[in-house]
Chemist: 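Right, I'll just put the structure down here and ask away after.
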Amino acid sequence: MTRPRSSEFGVARSVGVTRSLGVSVMTVKDREIFSSLTAVPPVVVRLDGRAFHTLTAELRLEKPYDTRFNEAMCRVCEMIVGDSGLEPDFAYTFSDEISIFFSTLPFSGRVEKIDSVAASYAAAAFGLTMGLSKPASFDSRIVMLSGEPSVIAEYFSWRQKEAWRNHMNAYCQHALITEGMTPQKAAKVLNGAKSAAMHEMMHERGINLSKTPAWQRRGTIIFREEYVKTGYNPIEKVEVQTARRRISRDEDLPLFSEPEGVNYLQNLIGKGKDRAAKNR
């Protein structure tokens with residue numbers, strides 16, 4: 001049997017044929033139809049844990065909140081902000097969700113590259129932090145915002161309100177299940193329940209939902225900040241001050257729907273822009 005020439009396989013041969021017929025052709029590279037799709041900053045890359053309900057059940061995490069899980073999510077954010085090379089301004093997290101804010105974008109804004117790297121990096125960081133024996137995964141999407149402070153605050157206020165709803169539901173569901181209700185029945189009872197009713201339900205059980213740890217109610221922000229470190233120059237025998245950077249965590253956030261919260265976010269974004277300008 002005669003071995004066919006390499007030109008008889010795949011695109012190389014077919015492209016030659018279609019060109020001879022005067023027909024426009026697509027190369028294999030052209031078929032990467034989304035590879036040139038780009039985003040314009042500012043944007044948020046939002047990551048969500050995929051099938052984390054099953055994962056958390058297998059890990060037998062504490063209810064309604066597990067401090068080890070929260071610490072792992074915060075560590076993932078710290079690694080994204082400080083070590084991933086993506087250089088975001090900051091990251092906001094609650095439950096199994098992370099919103100990463102960029103005032104400037106890596107990879108020339110290429111959506112496929114940003115989404116795939118952010119999600120895979122987060123999954124690897126989470127697995128390492130939790131010491132998992134099975135893979136974990138995150139899905140990723142890009143949310144394009146405008147530079148208006150009100151629009152940026154609107155996005156983070158929306159996610160913070162979701163953190164509050166998640167917080168109320170977690171406490172109420174845990175209470176009902178602890179009292180003997182099945183998870184399915186508890187979910188049905190709480191479906192459509194008003195915030196005031198859920199608040200009162202927990203108040204009757206001795207828990208004031210407005211006094212639980214702030215990170216449970218409002219989420220956590222991880223950001224990079226500059227600080228001044230004082231040292232000593234033994235040659236000149238004088239104290240010296242050096243600007244350094246560190247990754248910090250804020251677990252006592254303001255409400256992003258209020259002016260204080262809007263100013264808080266703008267301050268973080270301003271620091272990120274200043275840092276980007278210095279690095280140019």
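None of these values were measured; they are calculated from a predicted model.
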Chemist: How many angstroms lie between OH in Tyr65 and OG1 in Thr212, if you round to the nearest 0.5 Å?
Modeler: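 It comes to 7.5 Å.
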Chemist: SG of Cys77 to CD1 of Ile98: how many Å apart, nearest 0.5 Å?
Modeler: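 Here the rounded value is 4.0 Å.
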Chemist: Counting heavy atoms not belonging to Glu200, are there more than 12 under 6.0 Å from its CD?
Modeler: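 Yes, the 6.0 Å shell around CD holds more than 12 heavy atoms from other groups.
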Chemist: Return yes when atom CD of Glu179 has more than 12 non-hydrogen atoms of other residues, nucleotides or ligands closer than 6.0 Å, and no otherwise.
Modeler: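 Yes, enclosed.
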Chemist: If hydrophobic clusters are built from ILVMFWY residues whose side chains come within less than 4.5 Å, do Leu268 and Val143 share one?
Modeler: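 Yes.
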Chemist: CD1 of Ile33 to CD of Glu112: how many Å apart, nearest 0.5 Å?
Modeler: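 Answer rounded to 0.5 Å: 8.5 Å.
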Chemist: Under 4.5 Å between any side-chain heavy atoms of Met202 and Met198, yes or no?
Modeler: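 Side chain of Met202 against side chain of Met198, heavy atoms only: no contact under 4.5 Å found.
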Chemist: If we only count heavy atoms from C-beta on, is the Glu260 to Asn263 side-chain gap below 4.5 Å?
Modeler: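 No; the side chains remain at least 4.5 Å from each other.
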Chemist: Run the numbers on Leu86 and Ile100 for side chain to side chain contact (heavy atoms under 4.5 Å, CB included), then give the verdict.
Modeler: CA-CA 10 Å; Leu86 296 173; Ile100 313 166; 5.6 Å; no
Chemist: Are Phe34 and Ile142 in one and the same hydrophobic cluster, where Ile, Leu, Val, Met, Phe, Trp and Tyr link if side-chain heavy atoms are under 4.5 Å apart?
Modeler: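 They do not share one cluster, since no chain of ILVMFWY contacts under 4.5 Å joins Phe34 to Ile142.
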Chemist: Quick one: CG on Asn267 to CZ on Phe223, what's the gap to the nearest 0.5 Å?
Modeler: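 One gets 9.0 Å once the value is rounded to the nearest 0.5 Å.
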Chemist: Could you state the interatomic distance from CD (Glu97) to CD (Glu162), rounded to the nearest 0.5 Å?
Modeler: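 So the CD of Glu97 and the CD of Glu162 are separated by 7.0 Å.
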Chemist: Please collect all ring-ring contact (aromatic ring centres under 6.0 Å, His included) contacts where either partner lies in residues 186-211, sequence neighbours excluded, each pair once.
Modeler: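 Found none.
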Chemist: Kindly indicate whether the side chain of Leu176, heavy atoms from C-beta on, has any atom under 4.5 Å from the side chain of Leu190.
Modeler: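 Yes. Closest side-chain heavy atoms under 4.5 Å.
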Chemist: Is there side-chain contact between Glu87 and Arg224, with at least one heavy-atom pair below 4.5 Å?
Modeler: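 Yes, side chains in contact.
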Chemist: Quick one: closest heavy-atom pair of Ser146 and Pro42, and the distance?
Modeler: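 Minimum heavy-atom contact is O-CG, 3.4 Å.
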Chemist: Using modelled atom types only, decide if a donor and an acceptor are shared between the side chain of Gln160 and the backbone of Pro254 within a distance under 3.5 Å.
Modeler: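 Looks like yes, one N/O pair under 3.5 Å.
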Chemist: Between Arg75 and Glu78, is the closest basic N to carboxylate O distance under 4.0 Å?
Modeler: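 Yes, this pair counts.
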Chemist: Using 30° and 60° as the class boundaries, would you call the ring planes of Phe156 and Phe256 parallel, tilted or perpendicular?
Modeler: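 Because their plane-to-plane angle is over 60°, the rings of Phe156 and Phe256 count as perpendicular.
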Chemist: What's the spacing between Ile207 CD1 and Met201 CE if we round to 0.5 Å?
Modeler: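 Spacing of CD1 (Ile207) from CE (Met201) equals 9.5 Å.
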Chemist: State, to 0.1 Å, how close Leu105 and Val43 come at their nearest heavy-atom pair, and which atoms those are.
Modeler: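 That closest heavy-atom pairing would be CD2-CG2, 3.4 Å.
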Chemist: Under 6.0 Å from the CZ atom of Arg50, do we count more than 12 heavy atoms belonging to anything else shown?
Modeler: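 Open.
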Chemist: Please walk me through it: do Cys74 and Thr93 pass side chain to side chain contact (heavy atoms under 4.5 Å, CB included)?
Modeler: CA-CA 7 Å; Cys74 288; Thr93 185; 4.3 Å; yes
Chemist: Grab the two heavy atoms, one from Ser248 and one from Glu225, that are nearest each other, plus how far apart they are.
Modeler: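 Taking Ser248 first and Glu225 second, the nearest heavy atoms are OG-OE2, 2.6 Å.
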Chemist: Heavy atoms only: give me the nearest Arg46-Trp158 pair and the separation to one decimal.
Modeler: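 That would be NH1-CZ3, 3.8 Å.
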Chemist: Determine, step by step, whether Asn70 and Thr67 satisfy the side chain to side chain donor-acceptor pair (under 3.5 Å) criterion, reporting the C-alpha distance in whole Å, the side-chain angles of both residues, the deciding distance to 0.1 Å, and the verdict.
Modeler: CA-CA 5 Å; Asn70 177 66; Thr67 55; over 6 Å; no
Chemist: With the 4.5 Å side-chain cut-off for hydrophobic clustering, are Tyr171 and Met168 part of the same group?
Modeler: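 They do share one cluster, since a chain of ILVMFWY contacts under 4.5 Å joins Tyr171 to Met168.
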Chemist: If I compare all heavy atoms of Ala136 with all of Ala123, which pair ends up nearest, and what's the gap?
Modeler: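 Nearest heavy atoms, Ala136 then Ala123: O-CB, 3.3 Å.
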Chemist: Quick check: do Leu47 and Ile80 have side-chain heavy atoms less than 4.5 Å from each other?
Modeler: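 Answer yes - side chains close enough.
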Chemist: Would you say the ring centroid of Tyr155 lies under 6.0 angstrom from that of Tyr92?
Modeler: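 Ring-ring flag for Tyr155/Tyr92: false, centres at least 6.0 Å apart.
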Chemist: Do Ile247 and Asp83 make a side-chain contact, defined as non-hydrogen atoms from C-beta onward lying under 4.5 Å apart?
Modeler: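 Not touching, per the 4.5 Å side-chain cut-off.
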Chemist: Among residues two or more places apart or on two chains, list those pairs meeting ring-ring contact (aromatic ring centres under 6.0 Å, His included) that have a residue in residues 107-149.
Modeler: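 Qualifying pairs: Phe52-Phe126, Phe52-Phe138, Phe69-Phe126.
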Chemist: According to a 4.5 Å side-chain heavy-atom criterion applied to Ile, Leu, Val, Met, Phe, Trp and Tyr, with indirect links allowed, do Leu255 and Leu209 form part of one hydrophobic cluster?
Modeler: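 Unlinked, Leu255 and Leu209 end up in two clusters.
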Chemist: Within the structure provided, determine whether Leu253 and Thr220 are in side-chain contact (heavy-atom separation under 4.5 Å).
Modeler: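 With C-beta onward as the side chain, the pair stays apart.
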Chemist: Other hydrophobic cluster members with Leu128, side-chain heavy atoms of Ile/Leu/Val/Met/Phe/Trp/Tyr under 4.5 Å, chained?
Modeler: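 Its cluster mates, by chain and number: none.
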Chemist: Does CG belonging to Asp252 count more than 12 external heavy atoms closer than 6.0 Å?
Modeler: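 Incorrect, the count does not exceed 12.
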Chemist: Hey, does Pro88 have a side-chain heavy atom less than 4.5 Å from the side chain of Phe101?
Modeler: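 No, every pair of side-chain atoms sits at 4.5 Å or beyond.
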